[in-house]
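Quick note on labels: first sequence line is chain A, next is B, and so on, each numbered from 1.
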2 protein chains.
Amino acid sequence: MDIFKINLFDGISGEDVERMIVCFGAVFRSFKTGATIYDYPGSGDDVGVMLEGKASMIRTDEDGEVAVMELYSEGDIFGEVLAFANETGDSVKVIAESDCNVMFIKYSQITKRCERACEHHSRLVGNMFGLIARKTLLLSRRIEILSKKTTREKLMYYFQTLSKDYGAEFELPMSVTRLAEYVCADRSAMTRELSRMQSDGLIEINKRRVKLKKA
Amino acid sequence: MDIFKINLFDGISGEDVERMIVCFGAVFRSFKTGATIYDYPGSGDDVGVMLEGKASMIRTDEDGEVAVMELYSEGDIFGEVLAFANETGDSVKVIAESDCNVMFIKYSQITKRCERACEHHSRLVGNMFGLIARKTLLLSRRIEILSKKTTREKLMYYFQTLSKDYGAEFELPMSVTRLAEYVCADRSAMTRELSRMQSDGLIEINKRRVKLKKA
DNA sequence: AAATATATGTTGCAAATGCAACATTTTGAG
DNA sequence: CTCAAAATGTTGCATTTGCAACATATATTT
């Protein structure tokens, strides 16, 4: 596992990283596909940093209604201090979508001053700041999508953000079933809408392959 | 304006605050109700910190459809690095809902090391971390609301979060019109739903006064 | 390869919702 | 206070959507 791939330890030498891992109370854990990485409410002080793999935060309410709250990949962070989970009695978990490596650190250690006065402590906090700023971007994007009134608008907005990264033709980064949960629409209703969008010449879709025909 | 009311400068003496304001390139500005505080895309590096007053981020799309993206009050932060605004051609602005005092600092100065090696530079970054963590909480809460399928569920969830803070009876922190934009529903449809919820004995509502009858 | 679980695709129907159009009330500015 | 602007409340109607109940296809496991 190469933790230098993500920018968390940017500007910090390997030696210092070792020292700081102790200092931050960092714990590294691996998870198999399908495993529960985090279960809300958990230890409120833990912040998870995805080093490798993909995971998603899944909410299941009393009625068994499932919703994907967040999607995580390399560099994403999660934890109770970062998510308004479990206001109500719903089950909220982070589930590994692939084999994952996760680093857990203590939130209190981030804001607290380092007793050992690590030279690079503040550098790491700065790097963490970059990660959390990225998280707000993703959350905002999600809100943008959900704030659209119709399913069609939600999908079109989402497809447009994908096409900015991957071009007019791309593969959905999740299953259609998951996509329905992501845009918070009924799966069958969303499929129906996807068909209509194809009839109306907005997109072409075949399984997860999407071609956006109108910007 | 008492910038010590918010925790941004917690643990930093007034003298140091002065020095750091220079160091961070902080700029203080006041805005009258209705004024535009931030216009996306703006100067990408600026991060706004609300010191006093209330504001909201408003998106207006090509069709003139208005949506409240975020609500800001004391201690909230905003800026291009923190919001996925203007992916499409929509107009996105932060508008003062009351007279506001705002501090702008440079995002690059947060992550960068302080050349003057301010003793408390890292402390402020830690404090900023707290603010941005709070922001992710608010964004997550919003997503929780929007992820509910029906307007009734959205409202009930939102009311429940309010009742946690203010008890079973409370005043809406925004106009009903704004509430409709906040939950991304048509105003008339939402009003209709509020009436039904009252008929069904879930709530009592009179203007902005809401009484939650079922938890 | 067979068996099982998961994902995908389709349809009818009732309910929810957006939208337009309007009346009434409240707020805020001068 | 007066007037205009904004907010609130209501209704009819067409459309969208959730939901249930399927059939089929694909993936995964044994």
Where does the angle between the aromatic ring planes of Tyr158(B) and Tyr182(B) fall among parallel (under 30°), tilted (30 to 60°) and perpendicular (over 60°)?
tilted
Strictly under 3.5 Å: I want the nitrogen or oxygen pairs between protein and nucleotides 10-17 of chain D, one per line.
| from | atom 1 | to | atom 2 | distance (Å) |
| --- | --- | --- | --- | --- |
| dG12(D) | O6 | Arg192(B) | NH2 | 2.6 |
| dT17(D) | OP1 | Thr151(A) | N | 2.7 |
| dT17(D) | OP1 | Thr151(A) | OG1 | 3.3 |

Distance, rounded to the nearest Å, where Gln198(A) contributes CD and dT8(C) contributes P
15 Å
Rounded distance (Å) that lies between atom C1' of dG9(C) and atom CZ of Arg208(A)
15 Å
Look at the rings of Phe31(B) and Phe104(B) and say which category their plane angle falls in: under 30° parallel, 30 to 60° tilted, over 60° perpendicular.
perpendicular
Atom CE of Met174(B) and atom C1' of dT8(D): how far apart are they, to the nearest Å?
16 Å
Examine dT8(D): is either OP1 or OP2 under 4.0 Å from a nitrogen or oxygen in the side chain of Thr177(B)? Give yes or no.
yes
Using a strict 4.0 Å threshold on nitrogen-to-oxygen distance, state whether Glu144(B) and Arg141(B) make a salt bridge.
no
Report the residue from Lys135(A), Arg134(A), Lys54(A) that forms a side-chain hydrogen bond (donor to acceptor under 3.5 Å, both in side chains) with Asp76(A).
Arg134(A)
Whole-Å distance separating the CD1 atom of Ile205(B) from the C1' atom of dA7(D)
13 Å
So that I can tick it off, tell me whether Arg208(B) and Glu171(B) are bridged by a salt bridge, with the cut-off set at under 4.0 angstrom between side-chain N and carboxylate O.
no
Whole-Å distance separating the CG atom of Asn206(A) from the C1' atom of dT26(D)
13 Å
Value in whole Å for how far the P atom of dT8(C) lies from CG of Leu179(A):
9 Å
Calculate the interatomic distance between Lys148(B) atom NZ and dA16(C) atom P; express it in whole Å.
17 Å
Rounded distance in Å - NZ (Lys207(A)) to C1' (dG9(C))
8 Å
Does any part of the side chain of Lys207(B), heavy atoms only, come nearer than 4.5 Å to the side chain of Leu172(B), both counted from C-beta?
no
